[in-house]
Protein chains: 2
Amino acid sequence: MINSENTGLAVERHARIRKILQERKIVTVEGLCRELNVSGATIRRDLVDLDRQGRVRRVRGGAVSVGWHAEEPLFEDKAAIAAKEKQRIAEAALRYVQPKGSIFLDGGSTVLALARLLTERAGLTVVTNSLRVAGALSGAGPRVILTGGELRRLSQTFVGSMTAPLINQIHVDTAFMGTIGLSADDGLTTTDPREAFTKNIAMARARQVILLADSSKLGKVSFVKFGSLPKADVLITDTGASARDVQSFRKAGIRVVKVSGVRCRGSGKRRET
Amino acid sequence: MINSENTGLAVERHARIRKILQERKIVTVEGLCRELNVSGATIRRDLVDLDRQGRVRRVRGGAVSVGWHAEEPLFEDKAAIAAKEKQRIAEAALRYVQPKGSIFLDGGSTVLALARLLTERAGLTVVTNSLRVAGALSGAGPRVILTGGELRRLSQTFVGSMTAPLINQIHVDTAFMGTIGLSADDGLTTTDPREAFTKNIAMARARQVILLADSSKLGKVSFVKFGSLPKADVLITDTGASARDVQSFRKAGIRVVKVSGVRCRGSGKRRET
DNA sequence: TCATTTGTGCGCATAAATAATCATATCCGG
DNA sequence: CCGGATATGATTATTTATGCGCACAAATGA
C-alpha cells in the first residue's frame, strides 16, 4: 500500500479537494479520482456535497473553484496533454522514491504529477526548482527545498546561475527529470539555456537519474542540450514508445520501463501490490 | 488492561484527546484507540462528550479540531484578519515602488497584499522568499527572483542559511518587511529564528527599509529579534496606532505613515448573512 | 443528422462505522 | 462485606459510505 497511514476520512477528502481546487482552479473527476485513490462515484458525491455548501462549483466533468473566471490565464493546458500517460508514468516512478530519501524534482508536468503523489511522504526531502512542485507540496508532506533563482514564467521554474551555489551544497539520492526532447543520437534537449543550466547541475548532484518522458518526447530534438544520456539510469515512458527507440536506449545502457495507460473507471485498483 | 502509568480517568483521556487534536487537526477513532489503549466504544463515548461540549467536532470515522473543518474560517488564510487595514497599507506602500526599480518582499499577509498590486509592473524586479508572493506574481508582472531555501510551512516562506549566498549576490532599492512584533524598546521581532535570519540579510541588502505593520503589531514583542529599528526608514501603519507609539517611533528617526482603515460604520460587525 | 464517446444518476452489494445492549470490573459509601 | 453506581469492553444490530454496473443524457465528431 502506498499510504501507510491513510485516514480516509470523508472530511479529509473534502479538505484535500478544496485545497487542490485552490491551487489549480479546475479539476476533473477523473483527476481527483486518481489523486485521492477513490472511485468516481465517491468523488461525485463529494463534489455534490461541496457544491451544496457553496465551496466549489460543479461543472460537467469536474469542478471549478468558486469565483474563478474563465478569462484568467490557465497553466493547465500543457498538463492536459497526454495526462493519462503522464499520470501512469508518475505512478511508476513512485517505486524509485525511498521513504526517507532525498530527491530532486525537475519542472514539467510529468514530474509535477509525481510531486502530487508525494503529499503523504513526510520523511522525504524534495529539492526542486519548480514553483508548481513547491505549491503542490506546500500544505503537507515532505521537506521542501527550493533552489531559488529567477522565475521563468513559461515553465514556472526558477532558473539562472544564481542558484548554483545553493544546489552545490546538497546531494540527493535520485533526480527525476523531465525533458522536451530525448533521442539516442542527440541526447537530452530542452528549449531554454538557463533551464538547461539548472538541469545540468541538478543531475550532477544526484546519485541516480530517472527520466520521465511520455512517448511523444522520444526522438524529438529541441534547442539546447543538457545532461548526458549515459548519466541517466532509468527511463520511464509509455507503451506508445516504438520498439526501435526503446532498443536504442537500452543499448545505451539505460533501463527502460514502459507503462500502459489504463483508466480509473471500472475495475482495477482494488488490488495494488 | 493494566497499564502501569494509565490512571484511567476519563477526564485525563479527554485532555489527551484535545491535546492530540490541537497538534494534528484530524484523528481517527482507530488512531486514538491505539494511542490511548482503550476500545473504540470508549473513544466514541469520549468524542460524544467532547462534541457536546463543543470542544471537538465529531465526524464519521473520527473527529476534527473545531474551527478546522472550515465551518466558516478557512485554511491558513490569515489574510482575512484586518484585511481592510492591510489593503490600505499595501496601497500606501505602492508610492515607494519605483517603476524600474528592484524591491524585496518579505513573507506575511500585508506584504502579500502589496505583491498583488504589482501584477502590472513589468519593469520591476521583485526579490522574495515567500512562496505566496511568487505565486501571486507567477502569471504576469515583474521579474521575480526567489531566494530559495527550505520551506517553512506555517508562513509559506523559504528560510535557512543556504539562501545566504544567493541573497548576498543581489542589491535592492527597497525592502518591504512585515513583522510579528514591533516596539520602540525591543525593536523588530518574529517567531522563528530561521525567519529572522533571512529577514536580517535581506534588510542588509536594501538601500531603504519600509515596514508594513497594522496597528495590532505595535507594542508587541515576539520570540526572536531581527534587523534593527534604526535601519528602518519608514513605517506604514493604520490609524489604530496610538499617538504614544507613533511618537516614540518618530523619535527613533523613523518616518511614520498612517493610513485610515475604512471604518465608516461603527464597529458592529453583526451583519453576517 | 446519426453514431460514438464521455459523464452522470440510481440501485444494489459490501464493508465499515456507529449505536444499542449486555456482561463484567472497579470504586465507594455505608 | 455488601450493593449500587459508574465505566469499560465485547457483542450485536443498524446506519452509512463506498464501489460497481447499468441505463440514460450530454457533448463530440463524422
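Naming: A, B, ... by sequence-line order, numbering from 1 per chain.
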- Check the distance between dA17(D)'s P and Arg44(A)'s CZ and give it to me in whole angstrom. 18 Å
- Task: Name the closest nucleotide to the Thr42(B) side chain, picking from dT8(C), dG9(D), dG19(D).
- Result: dG9(D)
- Message: I need the CG-P distance between Leu47(A) and dT8(C), as an integer number of Å.
- Response: 9 Å
- Between dT6(D) (C1') and Asp49(B) (CG): distance, integer Å: 13 Å
- Using whole Å, report how far CD1 of Ile43(B) lies from P of dA17(C). 14 Å
- Can you tell me how far P of dT8(C) sits from CZ of Arg60(A), to the nearest Å? 6 Å
- Step by step, work out the salt bridge (Lys or Arg N to Asp or Glu O under 4.0 Å) result for Glu195(A) and Lys199(A). CA-CA 6 Å; Glu195(A) 199 84 53; Lys199(A) 283 175 191 280; 5.2 Å; no
- Query: How long is the line joining CZ of Arg13(B) and C1' of dT6(D), in whole Å?
  - Reply: 12 Å
- Task: Look at Arg57(B) together with Asp51(B) and state whether they make a salt bridge at an N to O cut-off of under 4.0 Å.
- Result: no
- Between dA7(D) (C1') and Leu36(B) (CG): distance, integer Å: 15 Å
- Item | Distance in angstrom units between Asn37(B) CG and dA7(D) P, rounded | 20 Å
- Classify the side chain of Arg45(A) and the base of dG9(C) as holding, or not holding, a donor-acceptor pair under 3.5 Å. no
- Message: Please confirm whether the shortest side-chain N or O distance from Arg58(A) to OP1 or OP2 of dG7(C) is below 4.0 Å.
- Response: no
- Do Thr157(B) and Ser155(B) have side-chain N/O donor and acceptor atoms under 3.5 Å apart? yes
- Task: Look at Arg16(A) together with Glu12(A) and state whether they make a salt bridge at an N to O cut-off of under 4.0 Å.
- Result: no
- Note on the structure: On DNA chain C, more 5' by nearest nucleotide between Ala41(A) and Val48(B) is Ala41(A)
